Amino acid sequence: MTEKQIALITGITGQDGSYLAEFLLEKGYEVVGLARRTTHYHYENIDHLIGRITIEYGDLIDANSIERIIAKYQPTEVYNLAAQSVPADSWRQPIVTAEITAVGPLRILEALRKLRLDARFYQATSREIYGGVQQEVIDETTPFLANNPYGVAKLYAHLMTMTYRQSYGMFACGGILFNHESPRRSLHFVTRKVTMGVACIHLGVENPPVNEVGEPLVVDGKLKLGNLDSVRDWGYAKEYVEAMWLMLQQEEPRDYVIATNIAYTIRDLCEAAFSHVGLDWQEHVETDPRFMRPTEIAASRGDYSKAKAELGWEPRMRFKELIELMVDEDIRQLSDG
């Protein structure tokens with residue numbers, strides 16, 4: 001009889017966690033999600049999964065809660081997707097970012113080691129670990145050069161994942177994911193700010209959502225953004241969670257770059273989003289210094305050839321399709337109230 005597969009997902013209420021939960025349920029897994037206790041129980045990304053998944057409350061800062069949950073469910077796979085995940089916020093909250101994003105994964109690794117579970121561990125690593133490295137294309141051999149508190153925290157977690165793999169023989173691997181987006185992306189991220197801004201302007205919304213500084217996202221038909229020349233390699237989050245699962249199905253644990261190997265600027269993002277509804281982005285976008293990073297990551301693309309060769313994974317949705325999907329979904333959400 002095949003052993004029942006049990007997956008523990010930290011950060012299940014986020015974009016990646018919700019898509020991964022759906023994917024694993026389709027595979028026949030029992031899915032347990034770790035969520036932080038709040039004063040409300042409405043989790044937009046996973047409301048449709050309630051009754052099909054188990055939610056446990058805990059915190060990556062609390063080692064006891066992590067060990068208790070892992071001991072209770074004895075998961076066969078653990079996916080750590082939880083983090084203080086907004087690079088811009090990491091400058092304002094560097095200590096919190098370190099506690100959650102850097103040391104949080106170590107607490108999970110320690111719990112797995114102490115409990116001697118034969119569980120496979122996935123760490124959500126980020127392109128930010130390469131920071132300002134000056135090369136056009138990044139792969140698994142590129143030197144690390146994190147240059148913001150979020151990237152440094154992710155790098156610590158990535159190196160500890162490698163250390164536990166090498167030192168204790170644990171099946172632990174890091175998915176070095178470049179930017180990946182979807183309609184479930186938080187408004188703290190520039191892609192969703194743009195697509196939601198487009199939807200608000202298109203529909204003439206009088207009371208738009210607020211941005212990361214607590215102000216209306218759109219004022220007088222204008223959307224405020226940071227550096228329009230920033231370059232990113234953007235993919236579709238729903239496809240990227242498949243790569244996470246594939247990494248844990250291999251005979252040997254390895255780290256993989258997951259990306260599209262195509263890069264676009266924020267200007268390209270704005271053009272794609274606004275033109276989808278027949279608007280000229282230059283009439284509606286303004287640069288605001290408050291949204292500039294103290295340091296910017298270098299322009300680069302991610303080489304996913306190792307993932308293609310060993311996992312059989314490659315991106316399918318193109319950038320323009322992704323942005324149009326997000327705009328359409330934001331228009332639908334606003335229209336539905």
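This is a predicted model, so every value here is computed, not measured.
The closest side-chain heavy-atom distance from W234 to L269 is below 4.5 Å. Side-chain atoms of V257 and Y130, non-hydrogen and from C-beta on, do get closer than 4.5 Å to each other. In this structure the side chain of Y73 reaches within 4.5 angstrom of the side chain of E56, judged on heavy atoms. Contact check for L225 versus C270: side-chain heavy atoms found under the 4.5 Å cut-off. Counting heavy atoms from C-beta outward, Y79 and D16 have side chains that stay 4.5 Å or more apart. Annotation: side chain of I61 is in contact with side chain of I100 (closest heavy-atom distance under 4.5 Å). R127 has its side chain within reach of S300: a pair of non-hydrogen atoms, C-beta onward, lies under 4.5 Å apart. Looking at L60 and I108, their side chains come closer than 4.5 Å, going by heavy atoms from C-beta outward.
A distance-only check finds no donor-acceptor pair linking the side chain of D233 to the backbone of A263 [under 3.5 Å]. The main-chain N or O of R185 is found under 3.5 Å from a side-chain atom of R192 such that the two form a donor-acceptor pair. Side-chain atoms of T76 come within 3.5 Å of backbone N or O of I6 as a donor-acceptor pair. Remark: side-chain polar atoms of D330 are paired, donor with acceptor, to backbone N or O of M196 under 3.5 angstrom. Of the possible donor and acceptor atoms, one in the side chain of T101 sits under 3.5 Å from a partner among the backbone N and O of Q84. Between the E324 side chain and the A272 main chain, no donor and acceptor come within less than 3.5 Å of each other.
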Show the numbers, then the answer: is there a salt bridge (Lys or Arg N to Asp or Glu O under 4.0 Å) between D220 and K222?
CA-CA 5 Å; D220 297 328; K222 302 291 185 180; over 6 Å; no
Note to self: Between R232 and E181, is the salt bridge (Lys or Arg N to Asp or Glu O under 4.0 Å) condition met? List the steps.
What the structure shows: CA-CA 11 Å; R232 297 290 185 271; E181 316 300 322; over 6 Å; no
- request: Any chance you could lay out the salt bridge (Lys or Arg N to Asp or Glu O under 4.0 Å) test for E110 and K114, step after step, and finish with the verdict?
  value: CA-CA 6 Å; E110 264 296 278; K114 289 169 63 178; 5.6 Å; no
Walk me through it: do I9 and L24 pass the test side chain to side chain contact (heavy atoms under 4.5 Å, CB included)?
-> CA-CA 10 Å; I9 304 173; L24 294 176; 4.0 Å; yes
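Between L217 and L223, the shortest heavy-atom contact is O-CD1, 3.5 Å. Listed here is the closest heavy atom pair of P143 and V133: O-CG2, 4.2 Å. Residues A119 and P75 come closest through the heavy atom pair CB-O, 3.3 Å. Contact detail for A199 and L334: the closest heavy-atom pair is CB-CD1, 3.6 Å. For the pair A157 and Q123, the tightest heavy-atom approach, listed with the atom from each and the gap, is CB-NE2, 3.6 Å. Closest of all the heavy-atom pairs between G174 and T161 is N-CG2, 4.5 Å.
Within the model, atoms CD1 of I266 and CD of E271 stand 14.0 Å from one another, a figure rounded to the nearest 0.5 Å. Here the NE2 atom belonging to H48 is positioned 6.5 Å from the OG atom belonging to S18, to the nearest 0.5 angstrom. The distance from atom CG of L20 to atom CD of Q15, rounded to the nearest 0.5 Å, is 12.0 Å. Here the CG atom belonging to N261 is positioned 8.5 Å from the CD atom belonging to E136, to the nearest 0.5 angstrom. Note that the NE2 atom of H284 and the CG atom of L279 stand 4.5 Å from one another [nearest 0.5 Å]. Between L159 atom CG and L106 atom CG the span is 12.0 Å, to the nearest 0.5 Å.
Residues that satisfy the side-chain contact (heavy atoms from CB on, under 4.5 Å) test with S126, not counting sequence neighbours, are E128, Y150, K154. Scored by the ring pair (Phe, Tyr, Trp, His ring centres under 6.0 Å) test, Y240 finds H180, W313 as partners (sequence neighbours excluded). Qualifying side-chain contact (heavy atoms from CB on, under 4.5 Å) partners for K308, counting only residues two or more places apart in sequence or in other chains: Y304, E314. Residues passing the side chain to side chain donor-acceptor pair (under 3.5 Å) test with E99 are R107, sequence neighbours excluded. T287 is linked by a side-chain contact (heavy atoms from CB on, under 4.5 Å) to L228, M292, counting only residues two or more places apart in sequence or in another chain. Judged as a side-chain contact (heavy atoms from CB on, under 4.5 Å), and not counting sequence neighbours, the contacts of S305 are D303. Partners of E206 by side chain to side chain donor-acceptor pair (under 3.5 Å), not counting sequence neighbours: none found. Considering only residues two or more places apart in sequence or on other chains, D255 meets the side chain to side chain donor-acceptor pair (under 3.5 Å) condition with R165. The side chain to side chain donor-acceptor pair (under 3.5 Å) search around T10 returns N80, not counting sequence neighbours.
Results of the salt bridge (Lys or Arg N to Asp or Glu O under 4.0 Å) test with E22 over R184, K238, K27 single out R184 as the only residue that passes.
Taking a 4.5 Å side-chain heavy-atom cut-off between Ile, Leu, Val, Met, Phe, Trp and Tyr, the cluster of F291 extends to V213.
For F171 and F121, the distance between ring centers is not under 6.0 angstrom.
Using the six-membered ring where Trp is involved, Y236 and Y19 have ring planes that are perpendicular, over 60° apart on the 30 and 60° scheme.
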Identify all side-chain donor-acceptor contacts of residues 247-254 below 3.5 Å with residues at least two apart in sequence or on another chain.
| from | atom 1 | to | atom 2 | distance (Å) |
| --- | --- | --- | --- | --- |
| Q249 | NE2 | E77 | OE2 | 3.1 |
| Q249 | NE2 | W245 | O | 2.9 |
| Q250 | NE2 | L246 | O | 2.8 |

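Put simply, I69 and I12 are part of two different groups of oily side chains (I, L, V, M, F, W, Y) that touch within less than 4.5 Å, one to the next. Cluster membership for Y156 and V152, using ILVMFWY side-chain heavy atoms within less than 4.5 angstrom, is not shared. The cluster map of Ile, Leu, Val, Met, Phe, Trp and Tyr, joined by side-chain heavy atoms under 4.5 Å apart, puts V277 and L203 in the same cluster. Criterion: ILVMFWY side-chain heavy atoms under 4.5 Å apart, direct or through other members. Under it, V32 and Y122 are not part of a common hydrophobic cluster. I323 and V218 fall within a single hydrophobic cluster, where Ile, Leu, Val, Met, Phe, Trp and Tyr side chains are chained together by heavy-atom contacts under 4.5 Å.
Salt bridge present: E215 and R290 bring a charged side-chain N and a carboxylate O closer than 4.0 Å.
Annotation: R52, atom CZ; neighbour count of heavy atoms from other residues, nucleotides and ligands within 6.0 Å does not exceed 12. Atom NZ of K306 sits in a crowded spot, with more than 12 heavy atoms from other residues, nucleotides or ligands closer than 6.0 Å. Heavy atoms of other residues, nucleotides or ligands lying less than 6.0 angstrom from CZ of R113 number more than 12.
Residue pairs satisfying the ring-ring contact (aromatic ring centres under 6.0 Å, His included) criterion with at least one member in residues 194-217, sequence neighbours excluded, are absent.
In this structure, a donor-acceptor pair under 3.5 Å is present between the side chains of E310 and Y256.
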